[in-house]
K.L.:
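Have a look at this one before I ask anything.
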Amino acid sequence: MSNTLLLIAPLVYFLLAVPVALVAQRWRVLPAALIALGGVAGALASLWVLRESEVITLAGWQIAPFAQFSVRLDALAAFFVGVICLPAVAVAIYGIGYLNAAGADHQHAPPAAIDALLAAFLAAMTLVVLADNVFSFLIAWELMSLVSFFLVIGDGRQATARRAGFIYIVMTHISAGFLLLALLLLARQAGGFEFAQLRAATGGLDGWERNAVFGLALVGFGTKLGLIPLHVWLPRAHPAAPSHISALMSGVMVKTAIYGLVRVIWEFAGPGPAWWGGLLMALGAISAVLGILYALMERDLKRMLAYSTVEHVGIITIGVGAAALAASKGHPTVAALALTAALVHLYNHSVFKGLLFLGAGALQTGAGTRDLERMGGLIRRMPKTALCVLIGALGIAAVPPLSGFAGEWLLFQGLLDLGANVNSATIGLLVALAAGALALTGALAVAAFVRAFGVGFLAQPRSAGASAAREVPTSMLAGMALLAASVIAMGLAAAGVVRMVRPVTTGLVGTHATPALGEGNVFNAGWLSGAYAPWAVVAGLVAVGVLPWLVARLLGGAGRERVAPPWVCGVDLEPRMQYSATGFAKPIRLIFQAVIRPQRTVDVDRPISAYFVSSIRYDEQLHPIYERHLYQRGVAVLVGASRRIRTLQSGSIRAYIAYIFLTLLVVLTLTRLL
Amino acid sequence: MDWLLLALQIPLMLLLAPLVQGIIKTSKARWQSRRGPGVLQPYRDIAKWLSRESVASDQASWIFRAAPPVYAAAILFAALLVPTLERRSPLPAIADAIVFVGLFALARFWLAIAALDTASNFGGMGASREVAFAALVEPALLLVLFAVALPAGSTSFSAMVGDGWPGAAAVPAFAALLVVTIAETGRVPVDNPDTHLELTMIHEGMLLEYSGRPLGVIHWATQVKQLAFLSLLAALFFPWGMADAGSRAPLALLLGLLAWFVTVVVLGLLLGVIETAYAKLRIFRAPDLIGVASVLGVLAVMLTFVVEG
């Protein structure tokens, strides 16, 4: 009984918070406390299930003769409940101050409504990973999409938010359509809608059906994931929501699609042929590299973070693909290592991406802007926010010893393990390209977050808003500090996260990565002795960091420092002289222009003579090629077809009755014939 | 972990890095028919910087002050991972080749934000170029390391030190790592270590606002980085004369020290020759060269499969 309580506790808290938020509008601490409690309960439940390797199920509530509502908490679901619940706690605390603060970007929607929707959003995401049959899953999935849609559009007064919401709802329903087809195809073979029946029927699927299910699920989940080229909605919708919701959408919601993909590949349709994994690795690599390149070109901080989500989703997909490839080639330990890498990175990403979005919200609140070119100098005006964002930036840039590096280290090991065990030149090329793409992505991420932090927080303020910026309220700082501490903790205790994932890989692949991995706080990867011990690296860094200082002190006595204006060729320093965010990314834009295709127009006015320039106008834009070639054409076809169909809509009631009659006739004839 | 090896490698890296720099500079001067300042000049420079007062930008925050020690610590720690005297890394149980690359990313991150912190446009210019070129260098470096790690069966430097020229993959891997070393140490034809001309500078641009002791620490660390990359080249491709792993014989260690130093100096002279023989590339031609290194890296990884399979 108490076990069942474990399963539903977070759900109960989240669902309870919805009416409380609407009723107790004056005391916004109440729903926040309920959500935070639900988050803690969920995190504890997740840890308990992963520790005890127990599966808790709860079936019941017959919705319809053929559909009942059932939930199940196994290792995989428990892991994802943890992924949802840790950021949820921080977001709930942060939300108290954030929605009350002036200048926040929540688009005029009343705070109470956002609180209620936040609670519903968390409940829906939890339900998605707990759902144990097709109906529960699809209902939860749809609920998650709809609630987040409302959070994106706010009260609908902003045209950009409406447009973002529209694109989001269209893409998300295309995604849901593909998922419906995939699940119905599975259910037809299984003869039932329970996930248990789907699992049992896996053996009965022939190759064609497996591939069809995989293809449909890939498009369906890939859209939610934001894999390029299905990502068009993501950089529009994620930034449009209030920042703490963006944190959940980017940090957590996209991960539910990884959850679905993993379930389908390992439990419902797989293990499939090798090309599934290869395709996933290729798509992941493309998304990772393009995602970070587009992020580097953005000057809107939240859009930049959203593109960075596309990047990390790509990295996670590389890991899932490598695991699928290894599994289909019959190397379970390799698959376990790659899957561990993907899941560890997924967890880490949910934390540092959440933190950075909360930081973006703090900047909006404190400095009144999301535009990097209008920030600057904020490390003095908002020192605590700056420290939190710096930790998040170091984490996401994947430098040791913080959490981002641990995930990428594991993924490199997984790829090498795959290459070492599967001896084929094709897979060798795939591994080399994926590893190269991953390395390129990592280095570009350093560039992207040096740019975001350096331009946003350092040097001189670039606008009046930035020079009058104020530190944000304590609740917002507390939310950020919780996640910042997690970034550090999950970096140092990365082996603990690896141990947490063990039951998940054991459940899916049948084994976990080599026993040495994650033992005693050292990572010893698949083979001989590639090792990474975060604690020891920190100790070493501190030791050798103190050493040169000691030498310098011995050689030069006490350090003296004078403060003076920087050298700018003899004129007075102005904020305009600093490198702008656009200028900072210029070398990368030039180097990769064949890939990202910037379009620039420079208008130079020379009204008097060629030697006297009166003004220069510079405009540079990115028009991603797939948007033009893929989406605009698709939309044109769709609009054309709609126009033709519109002639049927005469508005006359008799015509409609005739349509109904004709449809009935056709259906009756068809059923008779078939 | 081997404390003896560690106790030897720390002073080795710290004390010999300026000497190697001095030898490269002097040899370059000779190639260019100059006398040069002498091989000990880098020591004098460092001593001078360390004893002078530092002038900080009035716009700079704590980032500017924290960056030099973090930069130096990350680089020195990375340098301790590379096998020098023995056929194993002094810290095999703590960090491997991937951490080695990660530590340089950490160093670069801090130096780049410190450069932006000064509010000077030169700092921004240097940081912007450094992170852009590093984005191309890092994949090449990792791919080379993987090409060596795959046949060795481990990313630990201890396992990766083979008998020298391990198979056909070694040729492209060596060429790629040579280009990476040139780029990472800021040498012609990618960067020019001897100039502050803003049209060409990359690494030096980030240091423009540093002076006195912090500047000395950064220069010293950069020389350690150069020695670490030369040692990496030596360990992966020319590990001749290295003592066997776990060997405690003083003679073997001494021989290892001698062999390592000669190899590193010869490789350093090669860098000097390259620097003299080639003109610096235009700044946006450099990515082509580094791109070639990445392609060579992919080729090297591919070759390990073809040769084995």
Side-chain angles (χ1 to χ4, degrees), chain A residues 379-380 397 399-400 405 409 412 416 419-420 423-425 428-429 432 435-436 439-440 442-444 446-447 450 453-454 458-460 522 527-533 536-537 540-541 544-545 548-549 552 555-556 559-568 573 577-579 584 587-588 590-591, chain B residues 47 50-51 53-59 61 63 69 72-73 76-77 92-96 98-99 102-103 105-106 108-109 112-113 116-121 124 128-129 131-132 134-135 138-139 142-143 146 149-150 153-156 159 209 213 217 284 287 294 298 301-302 305-306 308-309:
Chain A
I379 195 168
R380 276 180 292 278
V399 294
F405 180 75
W409 187 90
F412 277 126
L416 283 174
N423 222 332
S424 103
L429 181 65
L440 178 63
L444 286 172
V446 170
V450 162
F453 183 78
L458 302 177
Q460 288 189 301
V522 179
W527 6 320
L528 280 181
S529 54
Y532 169 47
V537 168
L541 282 175
V544 298
W549 276 126
L555 284 175
R560 286 163 296 155
E561 187 184 273
R562 190 155 51 86
V563 171
W567 169 249
V568 279
L573 186 68
M577 290 173 181
Q578 306 170 111
Y579 247 54
F584 190 84
I588 292 172
L590 281 176
I591 293 170
Chain B
L50 292 184
S51 65
E53 89 169 340
S54 143
V55 183
S57 159
D58 57 2
Q59 304 298 327
S61 64
I63 300 280
L76 181 56
F77 191 65
I94 289 178
D96 62 359
I98 304 172
V99 183
L103 285 167
L106 176 68
R108 177 167 12 105
F109 191 103
I113 56 173
L116 286 168
D117 196 22
T118 60
S120 142
N121 37 10
S128 153
R129 291 174 178 176
V131 294
E138 210 175 286
L142 266 172
L143 285 169
F146 289 170
L150 274 167
S154 169
T155 50
S156 165
E209 282 300 319
R213 179 175 296 175
V217 170
F284 287 107
S294 295
V298 172
V301 174
M302 276 300 295
F305 288 98
V306 174
E308 281 193 8

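Convention: sequence-line order gives letters A, B, ...; per-chain numbering from 1. Worth saying up front: this structure is predicted, and the values here are computed from it rather than measured.
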K.L.:
How close do B/L150 and A/A420 get, heavy atom to heavy atom, and via which atoms?
P.N.:
CD2-N, 3.8 Å
K.L.:
What's the shortest heavy-atom distance between B/Q59 and A/L573, and which atoms?
P.N.:
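Smallest interatomic distance, heavy atoms only, reads CG-CD2, 3.7 Å.
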K.L.:
Would you say B/L103 and A/F405 make side-chain contact, with heavy atoms under 4.5 Å?
P.N.:
no
K.L.:
Does any N or O in the side chain of A/E561 come within less than 3.5 Å of the main-chain N or O of B/A56, such that one atom is a donor and the other an acceptor?
P.N.:
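Such a contact is absent between A/E561 side chain and B/A56 backbone.
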K.L.:
Examine whether an atom of B/I113 lies under 4.5 Å from a heavy atom of chain A, and if so say whether it belongs to the side chain, the backbone or both; otherwise answer neither.
P.N.:
both
K.L.:
Give a yes or no answer on whether the side chain of A/R380 reaches the backbone of A/A459 with a donor-acceptor pair at less than 3.5 Å.
P.N.:
yes
K.L.:
Using non-hydrogen atoms only, which part of B/A112 is less than 4.5 Å away from chain A: side chain, backbone, both, or neither?
P.N.:
both
K.L.:
Most heavy-atom pairs under 4.5 angstrom with chain A, which of B/V298, B/D117, B/V55, B/T118?
P.N.:
B/D117
K.L.:
Could you tell me which portion of A/A564 (side chain, backbone, both or neither) has an atom closer than 4.5 angstrom to a non-hydrogen atom of chain B?
P.N.:
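Both backbone and side chain of A/A564 come within 4.5 Å of chain B.
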K.L.:
How close do A/P400 and B/G102 get, counting heavy atoms only, and between which atoms?
P.N.:
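Minimum heavy-atom separation between A/P400 and B/G102: CD-O, 3.2 Å.
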K.L.:
Could you tell me which non-hydrogen atom of B/V131 sits nearest to which non-hydrogen atom of B/S128, and how far apart they are?
P.N.:
CG2-O, 3.4 Å
K.L.:
What part of B/V301 gets closer than 4.5 Å to chain A, counting heavy atoms only: side chain, backbone, both or neither?
P.N.:
side chain
K.L.:
Using a cut-off of under 4.5 Å for heavy-atom pairs, which of B/P139, B/S54, B/A132, B/A135 has the most such pairs with chain A?
P.N.:
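Most pairs with chain A among the choices: B/S54.
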K.L.:
Select one option (side chain, backbone, both, neither) describing which atoms of A/L590 are under 4.5 Å from chain B's heavy atoms.
P.N.:
side chain
K.L.:
Taking all atoms of both residues into account, what is the closest heavy-atom pair of A/V450 and B/F109, and its distance?
P.N.:
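Minimum heavy-atom contact is CG2-CD1, 3.7 Å.
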K.L.:
Using non-hydrogen atoms and a 4.5 Å limit, figure out which bit of B/I63 sits close to chain A: side chain, backbone, both or neither.
P.N.:
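Contact with chain A involves the side chain of B/I63 alone.
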K.L.:
Give, as side chain, backbone, both or neither, the part of A/L429 having an atom under 4.5 angstrom from any heavy atom of chain B.
P.N.:
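It is both, since atoms from each part get that close.
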K.L.:
Under a 4.5 Å heavy-atom cut-off, does chain B meet the side chain of A/I379, its backbone, both or neither?
P.N.:
side chain
K.L.:
I need the residue from A/G540, A/G454, A/A443 with the largest number of non-hydrogen atom pairs under 4.5 Å to chain B.
P.N.:
A/A443
K.L.:
I'd like to know which of A/G436, A/P587, A/G419, A/G442 tops the heavy-atom pair count under 4.5 Å against chain B.
P.N.:
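Looking at each option in turn, the highest pair count goes to A/P587.
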K.L.:
Quick one: what part of A/F584 sits under 4.5 Å from any heavy atom of chain B, side chain, backbone, both or neither?
P.N.:
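Backbone plus side chain of A/F584, per the 4.5 Å heavy-atom cut-off to chain B.
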K.L.:
Which one of B/L106, B/L116, B/D58 has the most heavy-atom pairs closer than 4.5 Å to chain A?
P.N.:
B/D58
K.L.:
Would the distance check show the side chain of B/N121 and the main-chain N or O of B/G124 forming a donor-acceptor pair, the cut-off being under 3.5 Å?
P.N.:
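Answer holds: no.
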K.L.:
Supply the atom-to-atom distance B/I94 CD1 to B/S156 OG, rounded to the nearest 0.5 angstrom.
P.N.:
11.5 Å
K.L.:
Is it the backbone or the side chain of A/I591 that comes under 4.5 Å from a heavy atom of chain B, or both, or neither?
P.N.:
side chain
K.L.:
Answer with side chain, backbone, both or neither: which region of B/L143 has an atom nearer than 4.5 Å to a non-hydrogen atom of chain A?
P.N.:
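Side chain only.
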K.L.:
Side chain from CB out, backbone as N, CA, C, O: work out which of these in B/F284 comes under 4.5 Å of a heavy atom of chain A, or both, or neither.
P.N.:
side chain
K.L.:
With only heavy atoms counted, which part of B/S61 is less than 4.5 Å from chain A, the side chain, the backbone, both or neither?
P.N.:
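When you check distances to chain A, atoms from both the backbone and side chain of B/S61 fall under 4.5 Å.
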K.L.:
Which heavy-atom pair separates B/M302 from A/G428 by the least distance, and what is that distance?
P.N.:
SD-C, 3.8 Å
